[in-house]
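Heavy atoms only: backbone and side chains are in, while hydrogens, waters and symmetry mates are out.
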Amino acid sequence: MRRVKELSLRARLLLVSLAGLVFGLTAGAVLLIAVLGYAQIRAVQSEAMATARGVAALVDQGSLPNPIPVTPGVQVQVIDENNTVRASSATADRLTPMLSPAELAGMRDGEGRKIPGYRIHDQGEARVVQFTAGPPTAPVRILVARSTEQVTQNLHILRITLLILFPLLAALLAAGLWRALGAALRPVDALRAGAEEITGGTRAGRLPVPDSRDEVHRLAVTLNDMLHRLDAARARQRAFVADAAHELRSPLTNIRTELEVAQRLPDDTDWPALTDDLLADVQRLSRLVDDLLLLARSDEGVPATRLERIDLAQFVGEAALRYPDVEYQDPGVPLPTLAEPDALARVVTNLLDNAERHKREKVTVSAGADGGHLLIVVTDDGPGIPEHDRERVFQRFTRLDDARARDAGGSGLGLAIVRELVRRHRGSVTLGDNHPGLRVEVRLPKA
């Protein structure tokens, strides 16, 4: 078994296919010999029965000659109830019946029996058929025998022929299968060679697609689609790492610059103001690291850790209290749902921070119900987002105005985090017009 596993796929397929073919051919040969032998015995039986009926007709007519004329190879005896031979064919024994009284006992008309060939002065074996004729007061039995030696020889010749032809046929089948399997596995070998050439560099690798519309073709197309998705994921990962490095460099550079300047300042430096600046950069850096960690966990498919039953109306109202300029529109009724409190708080906070950053005068937030969903709606009267950019802003590190966003402290991760967290709650987030400004709708399932 271990040696079979060490063989190539082509050799294993050849062995399995050849074993199946040899088994099928062997079973067919055995069935052929059995059916042919049965058919020939039935032919002997039918011929003997036809002769017995002809002799019976002569007996019934009272015109039975002695010797009885029969075809060559057939022997006939007519015996009475005392087991005495009354008539026979020219080659049959005139004194001793072919069958003993014990063999004749209980033997029905038309029934055949196998006997040794010496009883009819022949080689091999013979078959005897018994048939009753004559008047009921003096019935006679007609015994018709025919040698089956020819049948035995024919079957023996057939077996010898098959034994000789089988190895030759198996060799031809093995050669044909080897070539056919080689042609069938050639596209697989091409896929293997193509896979070896994919080095994992920046150039997108692709596997050769065979022209045939078969399983190998579909496998190659599926693998190329997988490679395309992996390349896209790798490109997103490289962009994510590059953007993260760039975002992390900015606050670190500010901190380093402020510290280097502080080393050269006189002793009357306003250290509380400097520490305030450093603390602001550290807080920005901390928020950015938290955002990156949250997105990384989301990419890994980390599920929600703690779902609680909350009142969405009360939850959003409490979050809005931390923003003095935000107007909260209370629905006046409880809105129960199952949510992860920290994640949902992050969603509301990010949306309100984004609205506060871009408003002119007013920001409103409301909670409500719409069919089978609960709604969180945040609106502002700022410049809004053009319709063709409303999907792009959910991508990570996307800013419609890079310079203004950095000055305002944005990292381009807020809306990306909102979408990821809402998806974890089996909800959706959409952007629309507020005329003027932006309208953000978050839909969450009811509890």
Quiz item: So, the side chain of D433 versus the backbone of H435: is there a donor-acceptor pair under 3.5 Å, distance only?
Solution: no
Quiz item: Closest approach of A133 and I142, non-hydrogen atoms and distance?
Solution: CB-CD1, 3.8 Å
Practice problem: Measure across A313 and P331 and return the closest heavy-atom pair with its distance rounded to 0.1 Å. | Solution: CB-CG, 3.6 Å
Practice problem: Give the minimum heavy-atom separation between P336 and L374, together with the two atoms involved. | Solution: O-CD1, 3.5 Å
Exercise. Take atom CZ of R86 as the centre, draw a 6.0 Å sphere, and report whether it contains more than 12 heavy atoms from other residues, nucleotides or ligands.
Key: no
Quiz item: Nearest heavy-atom pair of V429 and V418: which atoms, and what distance?
Solution: CG2-CG1, 4.3 Å
Practice problem: For E103 and R113, run salt bridge (Lys or Arg N to Asp or Glu O under 4.0 Å): C-alpha distance rounded to whole Å, both residues' side-chain angles, the deciding distance at 0.1 Å, then the answer. | Solution: CA-CA 9 Å; E103 292 173 328; R113 185 181 294 275; 5.6 Å; no
Quiz item: So N66 and R94, side chain to side chain contact (heavy atoms under 4.5 Å, CB included) or not? Walk me through it.
Solution: CA-CA 10 Å; N66 193 9; R94 296 176 180 272; 3.6 Å; yes
Quiz item: Between CG of L58 and CD1 of I68, what distance do you get to the nearest 0.5 Å?
Solution: 8.0 Å
Quiz item: Do side-chain atoms of Q75 reach the backbone of I120 as a donor and acceptor pair under 3.5 angstrom?
Solution: yes
Quiz item: Got a donor-acceptor contact below 3.5 angstrom from the R119 side chain to the M98 backbone?
Solution: yes
Quiz item: Which distance, rounded to the nearest 0.5 Å, do you find between the CG of L375 and the OG of S366?
Solution: 8.0 Å
Self-check item: V76 backbone acceptor or donor facing S89 side chain under 3.5 Å
Solution: yes
Only distances under 3.5 Å count here; give the side-chain donor-acceptor pairs of residues 182-190 to other protein atoms, sequence neighbours excluded, each with its distance to 0.1 Å.
from	atom 1	to	atom 2	distance (Å)
D189	OD1	R192	NE	3.1
D189	OD1	R192	NH2	3.1

Quiz item: Is R390 reaching over with its side chain to a backbone N or O of I385, donor-acceptor style, under 3.5 angstrom?
Solution: yes
Quiz item: Would you find a donor on one side and an acceptor on the other, under 3.5 Å apart, between the side chain of T148 and the backbone of E125?
Solution: yes
Practice problem: Return yes if some donor-acceptor pair links the side-chain N/O of T84 with the main-chain N/O of D80 below 3.5 Å, else return no. | Solution: no
Quiz item: CZ/R206 to CG/D231 distance, rounded to the nearest 0.5 angstrom?
Solution: 5.0 Å
Quiz item: Does E111 use its side chain to pair, donor to acceptor, with the backbone of R108 at less than 3.5 Å?
Solution: yes
Self-check item: Closest non-hydrogen atom pair, F166 against A29
Solution: CZ-CB, 3.8 Å
Quiz item: Should the heavy atoms of other residues, nucleotides or ligands under 6.0 Å from NE2 of H217 be counted, would the total exceed 12?
Solution: yes
Quiz item: Given the rule in the side chain to side chain contact (heavy atoms under 4.5 Å, CB included) test, do R419 and L415 qualify, once you have shown the distances and angles that lead to the verdict?
Solution: CA-CA 6 Å; R419 170 169 282 187; L415 290 179; over 6 Å; no
Quiz item: Is a donor on one side and an acceptor on the other found under 3.5 Å between the side chain of D122 and the backbone of S147?
Solution: no
Self-check item: Q40 (side chain) donor-acceptor with V35 (main chain) under 3.5 angstrom
Solution: no
Quiz item: Can you name the nearest heavy-atom pair linking S17 to L177, along with the distance?
Solution: CB-CD1, 3.9 Å
